[in-house]
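Whatever order the structure lists them in is the order used to number ligands and atoms, beginning at 1. Since we're looking at a predicted model, the values are computed, not measured. For the single chain, residues carry numbers from 1 onward in sequence order.
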Amino acid sequence: LRNKGIERPVIIGVAADSGCGKSTFLRRVNEIFGTKVSQSHTPQGELVTVICLDDFHTLDRKGRAEKKVTALNPEANNFELMYQQIAALKEGYDIMKPIYNHQTGLIDPPELIQPNHIIVIEGLHPWYDARMKQLLDFTVYLDISDEVKVAWKIQRDMAERGHKLENILASIESRKPDFQQYIDPQKKDAVAVIQVLPTRLIPDDTEKKVLRVRLIQREGIQGFQSVYLYDEGSTIDWIPCGRKLTCSYPGIKFHYGPDNWYNHDVSVLEVDGNFEKLEELIYIESHLNNTSTKFYGEITQQLLRNSSAPGSNNGTGLFQVLTALKMRQLYEELTGKSIAPVLV
Ligand code: ADP
Ligand code: G6P
């Protein structure tokens with residue numbers, strides 16, 4: 001039963017509203033773990049299996065419409081089954097996981113999922129249920145502010161999918177109460193939160209192309225050491241635009257310091273602005289500490305490899321890479337195994 005030499009599956013939760021960068025983040029995670037995502041419904045790579053929690057919808061699209069509940073409502077999700085199945089995987093058992101088909105909006109026949117070294121569960125409610133929180137070794141919340149969420153949705157649904165602006169805005173509004181009640185509270189107790197806010201560098205910015213991004217890192221968590229700038233625990237503002245970093249308007253500003261996040265001690269690393277030349281990020285990397293890299297330049301290399309992914313030129317990409325490196329380190333600490341870095 002305990003196959004593939006997996007003594008201790010490490011279970012990681014990634015929570016966010018839809019359209020908030022979960023897939024993009026997981027692509028970066030896969031790059032760092034050097035795993036190939038297969039074409040099957042649930043990607044089962046060599047090391048990492050990603051489970052989308054939409055598969056635990058109890059109501060299909062029609063059912064949700066009839067009952068007038070959103071996909072965010074716990075009523076539309078089977079948390080009991082979710083808990084049973086993730087707990088079973090953690091114990092080393094195979095499961096037959098349901099499938100929610102995003103194309104048809106129907107619930108498809110279940111598929112076999114086997115335990116893996118790392119299991120990432122991503123979706124709306126990874127730890128809405130307190131029992132789920134107990135199963136998770138690491139938790140990441142992608143906290144996208146409303147203004148930015150709207151800009152991203154418009155970009156994707158209008159530019160790429162041809163939806164009408166008023167429909168996009170109406171859909172966001174109709175999800176808001178459930179989002180605030182059921183999804184957003186999970187950010188309070190995530191180990192790492194990537195918070196994405198409008199820039200402060202451009203007064204009244206309407207474009208939302210420049211972002212202020214904060215990596216909120218819990219202190220005192222076993223196996224997790226927060227990334228810091230220059231000097232651990234101090235408070236630092238850093239404008240690196242000078243000889244080593246090309247910056248045009250509106251520039252780049254870093255901040256680092258201790259803070260409080262819903263009554264938890266945290267360290268916050270913040271960057272506002274865009275990186276103009278990605279290769280120069282090595283200069284930023286040289287000033288970051290506790291990054292969990294395996295060689296100098298690994299962060300820069302990861303961003304360059306994925307340079308076309310959204311956010312590679314700003315704090316979203318940088319902090320997604322840092323968070324993925326933390327996941328690798330945690331896996332190594334919990335299992336005593338070592339994952340070779342991906343070299344180009
Ligand atoms: P999810 O998996 O949570 O639905 P995706 O990773 O597919 O989210 O991202 C959804 C869309 O949001 C992308 O197609 C892109 O338009 C936009 N997006 C996501 N992350 C970023 C980012 N860091 N910067 C700019 N746009 C982004
Ligand atoms: C998934 C997503 C939800 C999204 C839903 C679409 O479940 O996680 O965020 O709302 O699909 O639902 P719909 O009722 O529009 O098919």
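- The existence of a salt bridge linking Asp55 and Lys97 is confirmed by a sub-4.0 Å separation between a basic side-chain nitrogen and an acidic carboxylate oxygen.
- Taking the six-membered ring for Trp and the full ring otherwise, Trp238 and Tyr256 have centroids separated by 6.0 Å or more.
- Looking at Thr335 and Glu7, their side chains never bring a donor and an acceptor atom within 3.5 Å of each other.
- Legend: salt bridge (Lys or Arg N to Asp or Glu O under 4.0 Å) pairs involving residues 277-286, not counting sequence neighbours: none detected.
- Every protein residue with a heavy atom nearer than 4.0 Å to ligand 1 is included here: Asp17, Ser18, Gly19, Cys20, Gly21, Lys22, Ser23, Thr24, Trp152, Gln155, Arg156, Pro310, Gly311, Thr316.
- Under the 3.5 Å distance criterion, the side-chain polar atoms of Thr323 are matched with a main-chain donor or acceptor of Phe319.
- Taking the ring centre of Phe179 as origin, the terminal cationic atom of Lys149 falls inside the region bounded by 6.0 Å and 45° from the ring axis.
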